[in-house]
Amino acid sequence: MKNIDLDSIIPENDVEKEIIYDLKNGINKEVITRCPPEPSGYWHIAHVKAWTIDFETAKKFGGKTYLRMDDTNPTKEDGEYAESYLEDLRWLGYTPDKLIYASEEYFEDIYKIAEQMILDGKAYVCFLSAEEVSKTRGTLTQPGIESPYRNRPIEENLRLFRDMRAGKFEDGKATLRAKIDMAHPNMNMRDPVMYRVMRATHYRLGDKWCIYPMYDFAHPLEDALEGVTYSLCSMEFHEHRPLYEWFIENGWKKPYPPKQREFSRLTIENVLIGKRYLKQFVNDGIVSGWDDPRFPTLVGVRRRGYTAKALKDFVKSVGWGNVLEVTVPYSALEYYVRSDLNNIATRAMVVLDPLKVVITNYEKDGEEIEIENNPNDPNAGSHKAKFGKVIYIEKEDFALNPPPKYNRLVEGGVVRLKGAYIIKCNKVIYDKNGEIDHLECEYLPDTKSGNDTSGIKCKGTIHFVSEDNFFKITVREFKNLIKREVTNPAKALAEGAKVEDILEPDSLIEKTAYAENFLKSAKVEDKFQFIRKGYYCMDKDSTPDNYVFNSTISLKDGFKK
RNA sequence: UGGGGUGUCGCCAAGUGGUAAGGCACAAGAUUUUGAUUCUUGCAUUCGUAGGUUCAAAUCCUGCCACCCCAGCCA
């Protein structure tokens, strides 16, 4: 443990207060946390809260964080998922001090502890079926009934447990149960199952074991075995804490036992999380894969252009919490995404919906102009763009019948072209169908950006690309996958809503846009602000002939019509 | 109706006997060659509720109300 001045630490929640107390009073010597994903799906944004709490809490106290794959159920787990966690973690910028596969590292030790507990008369082999166990557990208001196998002699239990391991029982025929109290008001304490017989091929161990420990038994002992001092988990495990402590007390029996402490689970309005549903969306082809940019998975939001910093700042802003689940509006997350991108995204001019403009009084071949890469970052430099006789502006930046306080271009009016000149619109040219074909404008020569001597004031500045300085790109605009009004999609589905009832119909719109040539230097995952429009991120689908950009998030729009 | 938890602004959230921080959202204004950013201002006479103790209560006591979690050989 690094030297940390405990008095200089400002605790931000009750657990940090407790840690300071523990450290000062020798109840614990250091802070070791563990991050225990079960490799049974892809991580999503709400999981970042757990990562962040595990790693940041340890960091704050100069401690360590171990990554432990909690792979005790071979029927649900897969190496693909384990790999993806590792990559997500790297991306987030957290480096575990140890990487452990619980299955490989601890199964043998845990098995031995189980045998010792049998010897101590704390566990017994039970032949009740799952259904019978359920029936005899009692109810919330009534005590359970003790298993007929509960008081079998110790030696026989040991022999039977060894038989379980040796594969002498069929799946589901025998369990090892903790001998606690069938009348306990906490249901978790009514002789919980410690081991079950389960013949399934483990993704790391193959068929080495045919019995697997339950989470409630394995987790506390894994924590203890590797020296974890604070085992931080979400609030639904609060009820399991007495059991966690019971297994530590009866299975571990050594100093500095780990402490389980809980935080609130995070959910975000309008976002569908829940492995089951996400899996279904992938399998049904509703999204292109786990990394679809509309998906709340980490690989998805990463591809969308969200940053690790934004995610971490967001979850930190929500706090530790003390209820089961805290729900925050999506805008709370968006704030941090915009905030980070505003600082790091390179500005570029891209016209998403082009309208041709001819500068009738411009006779030169064109000229260079300069665009700041990031006005909020003096070190970001600038890049060159061009102004010329034919340019394209955004259709919505010209209005025949402008709403009040419209600052952009109107017939007979002026606007500033970002980084170039002020232009005046003289004439609207229509095509055969009566649609606007293009605009005829004049530029005001003494208004060039940086050298404006005209004294002309114009309220609006719009972006543009010139004809000899643009290339076509593909832009993917996203809407939220789930309809706006469905704030709790998982609940809606659980209550019987159909997927199509909650799905936003046009959540992906692909279009062609005109981008300044500067964007040709972009690389996959590079983040840009398309000036006045929003933040975009280059997608991995890009090819040299077709650059693809994902819309990360729009800029805030303060214009009120 | 057993046990465990929680109730402070629309949403998060500090506060633990001395007179309600902060963030998001929202609103108004200023600056701006991005209607962005930035800045400034506003936004709970009141802390689920009813009583009580006290000079003083969101904080202590009592009753009540509401919501959430637990009966997997899931984690």
Side-chain angles (χ1 to χ4, degrees), chain A residues 12-13 36-38 40 70-73 75-77 126 128-131 133-144 171-177 183-190 192-198 211-212 214-216 218-219 233-242 262 264 266 269 314 317-336 338-339 342-343 347 349 371-372 374-376 405-408 415-420 422 447 449-450 452 458-463 529-535 554-560:
Chain A
E12 278 167 54
N13 51 259
E38 189 202 14
S40 61
D70 220 6
D71 47 5
T72 55
N73 186 347
T75 63
K76 292 170 64 186
E77 294 145 12
C126 180
L128 253 25
S129 70
E131 198 184 330
V133 168
S134 174
K135 264 188 200 149
T136 53
R137 188 168 356 250
T139 67
L140 296 177
T141 51
Q142 289 169 302
D171 285 18
K173 290 292 183 210
T175 56
L176 183 71
R177 290 229 258 164
H184 201 106
N186 182 338
M187 300 292 289
N188 296 306
M189 301 295 271
R190 320 245 259 229
V193 170
M194 294 165 63
Y195 268 94
R196 73 281 212 191
V197 180
M198 185 186 265
I211 57 172
Y212 287 90
M214 298 287 288
Y215 166 89
D216 276 324
H219 204 92
C233 60
S234 49
M235 204 60 88
E236 71 263 33
F237 292 102
H238 183 71
E239 247 60 34
H240 296 243
R241 195 148 115 188
E262 306 86 11
S264 296
L266 173 63
E269 277 181 11
F314 164 63
S317 79
V318 174
W320 187 281
N322 58 6
V323 290
L324 205 235
E325 181 169 279
V326 148
T327 305
V328 299
Y330 201 76
S331 59
L333 167 59
E334 291 183 315
Y335 172 81
Y336 291 95
R338 287 199 181 95
S339 167
N342 183 229
N343 291 326
R347 312 292 129 127
M349 295 207 281
I371 301 295
E372 281 181 294
N374 187 341
N376 300 124
K405 294 187 179 171
Y406 186 76
N407 286 345
R408 290 107 96 158
V415 265
R416 157 136 254 142
L417 294 174
K418 173 86 183 166
I422 293 176
T447 60
S449 188
D452 189 337
C458 82
K459 278 188 191 152
T461 301
I462 63 173
H463 58 102
Q529 184 199 93
F530 292 177
I531 292 175
R532 298 207 312 131
K533 300 310 291 182
Y535 297 100
S554 68
L555 251 29
K556 277 179 115 179
D557 185 2
F559 180 50
K560 286 170 200 72

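Labels below follow one simple rule: chain letters A, B, ... track the order of the sequence lines, proteins then strands, and each chain is numbered from 1.
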Given that both distances must come in under 3.5 Å, which nucleotide forms a Watson-Crick or G-U wobble pair with [N]?
N: B/A27; answer: B/U41
N: B/A66; answer: B/U6
N: B/A14; answer: none
N: B/G72; answer: none
N: B/U54; answer: none

Just the table, please: protein N/O against nucleotides 64-67 of chain B N/O, every pair under 3.5 Å.
none

Between [atom2] on [N] and [atom1] on [X], what's the gap in Å once rounded to a whole number?
X: A/Glu12; N: B/A13; atom1: CD; atom2: C1'; result: 12 Å
X: A/Tyr330; N: B/A25; atom1: OH; atom2: P; result: 14 Å
X: A/Arg408; N: B/U34; atom1: CZ; atom2: P; result: 14 Å
X: A/Asn407; N: B/U31; atom1: CG; atom2: P; result: 14 Å
X: A/Asn322; N: B/G4; atom1: CG; atom2: P; result: 17 Å
X: A/Glu334; N: B/C11; atom1: CD; atom2: P; result: 19 Å
X: A/Phe530; N: B/A36; atom1: CZ; atom2: C1'; result: 16 Å
X: A/Phe559; N: B/A36; atom1: CZ; atom2: P; result: 11 Å

What does [X] touch in the nucleic acid at a heavy-atom separation under 4.0 angstrom: a base, only the sugar-phosphate, or nothing?
X: A/Ser40; answer: nothing
X: A/Arg241; answer: nothing
X: A/Gln142; answer: nothing
X: A/Gly534; answer: nothing
X: A/Lys533; answer: nothing
X: A/Gly419; answer: base
X: A/Pro375; answer: base

Next item on the list: Assign each of A/Tyr406 and A/Ser264 to its nearest nucleotide of RNA chain B by heavy atoms, then name whichever residue's nucleotide is nearer the 5' end.
Entry: A/Ser264

Note to self: Closest-nucleotide mapping onto RNA chain B: is A/Lys405 or A/Ala332 further toward the 5' terminus? I mean the 5' end.
What the structure shows: A/Ala332

Using atom [atom1] of each nucleotide, how far apart are [N] and [M] to the nearest Å?
N: B/C24; M: B/A71; atom1: C1'; value: 39 Å
N: B/G22; M: B/G42; atom1: P; value: 10 Å
N: B/G52; M: B/U59; atom1: P; value: 14 Å
N: B/G23; M: B/U40; atom1: P; value: 10 Å
N: B/U19; M: B/C55; atom1: C1'; value: 12 Å

Item checked: A/Tyr535 and A/Gln529 side chains, donor-acceptor separation under 3.5 Å -> yes

Check: Do A/Asn343 and A/Asn376 have side-chain N/O donor and acceptor atoms under 3.5 Å apart?
Finding: no

Checklist line | Within the 6.0 Å centroid threshold, strictly below: A/Tyr215 and A/Phe237 | finding: yes

Notebook entry, point to check: For the residue pair A/Lys76 and A/Ser40, what are the closest heavy atoms and their distance?
Noted result: O-CB, 3.3 Å

Check: Quick one: does A/Arg416 reach the base of B/U33 with a side-chain donor-acceptor pair under 3.5 Å?
Finding: yes

Margin query: Let's test your reading of the model: under 3.5 Å, does the base of B/U34 pair with the side chain of A/Thr461 as donor and acceptor?
Written below: no

Write down the protein N/O and nucleotide N/O pairs, taken from nucleotides 37-43 of chain B, whose separation is under 3.5 Å; answer none if there are no such pairs.
from, atom 1, to, atom 2, distance (Å)
B/U37, O2', A/Asn342, OD1, 2.8

Margin query: Test of understanding: with side chain to side chain donor-acceptor pair (under 3.5 Å), list the residues that count as partners of A/Ser234, not counting sequence neighbours.
Written below: A/Glu236

Check: How does each nucleotide of nucleotides 68-75 of chain B score, in 5' to 3' order, for protein heavy atoms under 4.0 Å: base (B), sugar-phosphate only (S), or none (-)?
Finding: SSBBSBBB

Notebook entry, point to check: Who passes side chain to side chain contact (heavy atoms under 4.5 Å, CB included) against A/Ser129, sequence neighbours left out?
Noted result: A/Glu131, A/Glu132

Note to self: Could you work out, with side chain to side chain contact (heavy atoms under 4.5 Å, CB included) as the rule, every residue matching A/Ala130, not counting sequence neighbours?
What the structure shows: none

Next item on the list: Tell me whether B/G51 sits syn or anti, counting syn as a glycosidic angle within 90° of 0.
Entry: anti

